[in-house]
Amino acid sequence: MDFSDCALVKRANATAYHPRETEFNSSSDLDGASLYYLLEEWALGPSGTNMKMFLIAPAVCLVTGVLIIPTILFVIFSRFNIRQETRYMLLGNALLSDLIYLLFYTLSAALNAAHVHLPKEACVLLLFLLAVAYCGGLFTAAAMVLDTYIAILFPLRYIAILTPSRTKKIIVLLWMCSGAFPGIFFLVLSSTHSFVACSLEMCSVPVILILTLNGTDAVKLCFWLSTTVIFLCLSLIFCCYAVLYFKTKQSGIWESICSRASVTFLMHNTVLFFYLFPLLALFVESFLCINIVIRLQTGMWVSLTVCNVLMILPKVLFPFLYGLRYREISASLKSMVRRKHLRLVLPAPLPS
């Protein structure tokens, strides 16, 4: 199926237009081009205005992220004692991945809302960068949990285990894995010609997810393998948190619900929930769509909500729940604001 097939379907449907609500709600047996046309027609129709409302959340999160994330990154990389610590280097890497994801996903959502059709190569590149940024943030979050795990359970050997040079190599390895993991799947899809060309013409992540469930076996296999790897990473994070809790339960740091350890643990689990719940919602929605339990229109709304709201939210919560809770970073930010305020209120020198 190539772009000419999509154009043929569009012309055929345009010359023989009829109401499509029933067909859209029960289109599980349509081919890729026909299904794409129904999705595009739905996006351009009256409900397309409602679809544009989903652009608000990515835009707001991007503005917030652009305001706070570069500031924290500046503090981390401008202070020698801060950027030499493993936890801060991993934090900076996670924030950088989240900022890249926010930029590219908001760009994708804006182009789709403006009905701008990208060339196939540009769409594939955009999807690849989104996958790399998402994997980079997820893998770095798992590395941060492992770092905390080693620091608490092996405090005397922590510095010897995670030296600054070794941490830099780990970060490079994380980026290599983040690029290799989606790269393998993209190569498999490209070599088997399993990309749905019509979906690449629209280049909307929610639409691509819907068409993936109605695509070839290779596309479905890549989708389920990706979902499995992501759930394995989140399971690793959850298990490390659980072990840390039970290992430190007798130390007395959990006695007060307002203690720093309790609040930090709650914050970390909140971010973990926001990472896990959207993926769980996509998994359930995919299962129901495959088994024709829910309508295609319902699946589309779920995909839009998950991709444009729930998967974006952790990216903007991460710097607040993680970054600003570190004393060194918050103290550096306060000192920067204080110095700027003092420069603004200094009186002008008296004329001689």
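What's counted below: heavy atoms across the whole structure, side chains too, no hydrogens, waters or symmetry copies.
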Quiz prompt | Minimum heavy-atom distance Ser178-Cys135, with the two atoms named | solution = OG-C, 3.6 Å
Quiz item: Considering all heavy atoms of both residues, which atom of Leu174 and which atom of Ala143 are nearest to each other, and what is their separation?
Solution: CD1-CB, 4.0 Å
Would you say the side-chain atoms of [X] pair up with the backbone N or O of [Y], donor to acceptor, closer than 3.5 Å?
X      : Y      : answer
Ser108 : Phe104 : no
Ser335 : Ser332 : yes
Arg166 : Ile161 : yes
Asn308 : Phe54  : yes

Quiz item: Does one hydrophobic cluster hold both Val63 and Leu99, with members joined at side-chain heavy-atom distances below 4.5 Å?
Solution: no
Quiz item: What is the distance from atom CD1 of Ile152 to atom OH of Tyr158, rounded to the nearest 0.5 Å?
Solution: 10.5 Å
Exercise. Please check if atom CZ in Arg83 has more than 12 non-hydrogen atoms from other residues, nucleotides or ligands closer than 6.0 Å.
Key: yes
Quiz item: More than 12 non-hydrogen atoms from neighbouring residues, nucleotides or ligands closer than 6.0 Å to CZ on Phe74, yes or no?
Solution: no
Answer yes or no: is there a side-chain heavy-atom contact under 4.5 Å between [X] and [Y]?
X      : Y      : value
Val132 : Trp175 : yes
Leu62  : Val66  : yes
Tyr134 : Met311 : yes
Ile329 : Leu91  : yes
Ile312 : Tyr101 : yes
Leu162 : Ile170 : yes
Leu129 : Ile100 : no
Phe238 : Val145 : no

Practice problem: Determine the interplanar angle of the Tyr88 and Tyr326 rings, folded into 0 to 90°, and report it as parallel if under 30°, tilted if 30 to 60°, perpendicular if over 60°. | Solution: perpendicular
Practice problem: Take Leu107 and Leu111 through the test side chain to side chain contact (heavy atoms under 4.5 Å, CB included) and record every step on the way to the result. | Solution: CA-CA 6 Å; Leu107 174 63; Leu111 291 175; 4.1 Å; yes
Self-check item: Distance-only donor-acceptor check, side chains Asn93 and Thr140, under 3.5 Å
Solution: yes
